[in-house]
Participant: 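Before I ask anything, here is the structure I am working with.
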Amino acid sequence: MFVRVALDHPLPTLFDYRCATPDIAEGAVPGMLVSVPFGKRHVVGLICEVTAHSELPAERLKAVDNLCTACPPVSSHWLALAAFAADYYQRGLGEVALPALPQALRDASRWSRLFAPEERYRLTPEGRTALPDTLPARATALRKLAQALVDSDFLLAADARALHPKAVATLDTWQSAGWVALDVIEAASVPAAAASPDAPTPVLPTLTDEQTAAVEAIRGADGFAPFLLHGVTGSGKTEVYLRALAEILAAKPDAQALVLVPEINLTPQFEAAFRARFAALDGTAIVTLHSGLAEGERARHWFAAHTGRAHIVLGTRLAVLASLPQLAIIVVDEEHDPAYKQQEGLRYSARDLAIYRAKQLGVPVVLGSATPSLESWWQADQGRYKRLTLSRRAVADAVLPSVRLIDLEEERRRGRASFEGLSGPLIASLKARLERGEQSLVFLNRRGYAPQLACDACGWVAGCPRCSAYVVLHKPERALRCHHCGWEARIPRSCPECGNVDIAPMGRGTQRVEETLANAVPGARVLRIDADSTRRKGSAQALFSDVHAGEVDILVGTQMIAKGHDFQRVSLVGVLNADTALFSHDFRASERLFAQLMQVSGRAGRAGLPGEVLVQTRYPRHALYHALSRHDYVGFANATLAERRDAHLPPFVYQALLRAEGRTLEAALAFLQQAAAELAHIPAAARVTVYDAVPLTIVKVMHVHRAQLLIESASRAALQATLHAWQPLLRGLKGVLRWNLEVDPLDI
DNA sequence: GTGTCACTTTCC
DNA sequence: GAAAGTGACACC
């Protein structure tokens, strides 16, 4: 017998191996993990096929080292999902499937350690001797033991969760593997209610009519049903998710739900909400999956999902590839968020894969947003997604904030005082909130102290020696830092070109605004939240809880502060420096800006305080700000979609990018021109438009020069066919350090 | 001889 | 994409 194995390797093929022993030949099933020799190394791969024949000559075939019998195989649905993603995003199956598995399983040397009988044995006697006679008492003892096991290592934890009566099938697997002790099997007869005997009954808020209608629609879904839940901030989308999940889990006790959020920072509050609502489920039935988890924890959570013991999986984009054998509903919160697009390696869109997954399994998928992506909005216009609308804030008396545009030109013309870029009206409003004991939020999408450090005398600007970019001044660290490659240097005392000592920071970042606010609004407690102030694990959570606890008067930050957080006492939002996105060459910049401003505006006045948003701008009559001040997403979306249609831009065309990295820009461009010429050999490319190869905006990063070539088509099928035929031709081209294809790119 | 650089080939 | 293999050349 032979197995065909997917390996995490850029070659787009499967690799054949001999099953050297009868155990392996009989035990091998598609979806199982194997350890195999590959070149001089040994790697873990995923069995995709078990076959009696191999195309390869016998002498080239190597034998499987080891079969991972302890981990149940992933389902054929999961394999099909990975195959779809690989095909659509133009990668090898193994490049998709293996990185989606927990690291602990991808290291074969750890299998034996994790499964070692001594390890099991050392832990189980406790349970054996401690088990009391009466059933509930026994349940408690078992739960303690289970927790002890859960706190230990990965597969021991799986064993421990098999103590749970719902997991009899899993238990059978372990038992047949010969290592589940008798008393553990006994435990399987402990009643399920023992899991959480004294869970409080959650108090449910009354739903608005719109929320009720949304929940009804989702509950009534039959088979694949995509919903676009368009709800203004504060309209109670989360409550709709909670009710819909409760309905589905109640109807089918073994069902699993997948809930995606765009950012790690949002998982704690969601997890808390889900745990409070589903307190009757045992603690292990809700798990999180994101890159912030420790390796062992992530492996345990993944395994809980894989074996069906976790019923609610809450995670970031990577969770869309979790193994979920009983998946019954998917929720994608803030579906418009660009964070759902992976920006390195396999550049997948978690939202798009969520839709594929729902379609594949015939289950509902709910895309929630106050500002849906134009792609999703267009799908709803076409009737392919069912639109559900929450137009009012759910909390009584909470109204949408008033938006005021501060015309910076007029302020200047009239000679009104400003304070380091903060206009008079904004400072006055901040002071008024401080006096009233209310909180304010100042949003600025640029971290660091100043984006440039320049010399007045000769015009020198501090740049990165490795990249074609200016370095950003970071005052607390007294450093210049490149935001593209991480290069750092001390701040020079004088201009390295002309020796002038009057070198000055230009422009404003969050650090500088923080400093300015401390002077401009005396007595205010100012806190900054951005990628720099939250670098340490868990520090974001600590900072946010300071805000919730009322220990902060003014919160300054990047988009990080705009998302999700329900700050009860914020009544003012100030927006600085938004104009740059209005005239960007990226056609999606205005869509992103509008979503961000709507989102950050939504932070104001959630708990009944009258909310106000002040936007400092040089273009107060711009259509985007006009729509913003009327909270008119629909108007903005329809107008922008009309523009996109006229300009033949997504969602009316499908795009792909070929990126090349070379030692010189000329090499990268030459590669792309050759690549474009190859398209002439591809019949499907007749329906594809090819643009000129162009350098990236930041052309050089880490001494590597980058360029890209955009191709697009009104037909997704023609684009896909072209890419499939193109890739082998590209492999034949030389002269470049690296290249990659990105399907449905977000940034162009 | 051998170090190292640029480039090609192999990976079941 | 990484590692091993290849040939050319400089160096003592």
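Per chain, numbering begins at 1; letters A, B, ... match sequence-line order. For the numbers below, each heavy atom of this structure counts, side chains included, while hydrogens, waters and symmetry mates do not.
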Participant: Tell me which nucleotide among B:dT8, C:dG1, C:dG5 gets nearest to the side chain of A:P10.
Facilitator: C:dG1

Participant: Could you tell me how far apart A:F15 (CZ) and B:dC11 (C1') are, to the nearest whole angstrom?
Facilitator: 6 Å

Participant: In whole Å, I'd like the distance from the NE2 atom of A:H42 to the C1' atom of C:dA2.
Facilitator: 16 Å

Participant: Considering only B:dC12, C:dA4, B:dC11, which nucleotide approaches the side chain of A:L61 most closely?
Facilitator: B:dC12

Participant: Measure the distance from NE2 on A:H9 to P on B:dT10 and round it to the nearest whole Å.
Facilitator: 13 Å

Participant: Please determine if a side-chain N or O atom of A:K62 lies less than 4.0 Å away from the OP1 or OP2 oxygen of B:dC12.
Facilitator: yes

Participant: Taking CG from A:D16 and C1' from B:dT10, how many angstroms apart are they, rounded to a whole number?
Facilitator: 16 Å

Participant: What's the CZ-C1' distance between A:R91 and C:dG1, to the nearest Å?
Facilitator: 10 Å

Participant: Between C1' on B:dC11 and CZ on A:R60, what's the gap in Å once rounded to a whole number?
Facilitator: 9 Å

Participant: Rounded off to whole Å, could you give me the CZ-to-P distance for the A:R738 and C:dG1 pair?
Facilitator: 6 Å

Participant: Of the options B:dC11, B:dT8, B:dC12, whose atoms approach the side-chain atoms of A:L11 most closely?
Facilitator: B:dC11

Participant: Which heavy atom in A:C71 sits nearest to a heavy atom in A:F303, and how many Å separate them?
Facilitator: SG-CE1, 3.7 Å

Participant: Check the distance between C:dG1's C1' and A:L737's CG and give it to me in whole angstrom.
Facilitator: 13 Å

Participant: Does OH belonging to A:Y470 count more than 12 external heavy atoms closer than 6.0 Å?
Facilitator: no

Participant: Quick check against the 3.5 Å criterion: does A:S75 have a side-chain atom that pairs as donor or acceptor with the backbone of A:P325?
Facilitator: no

Participant: Looking only at the aromatic ring of each residue, does the gap between the centers of A:H290 and A:H301 stay below 6.0 angstrom?
Facilitator: no

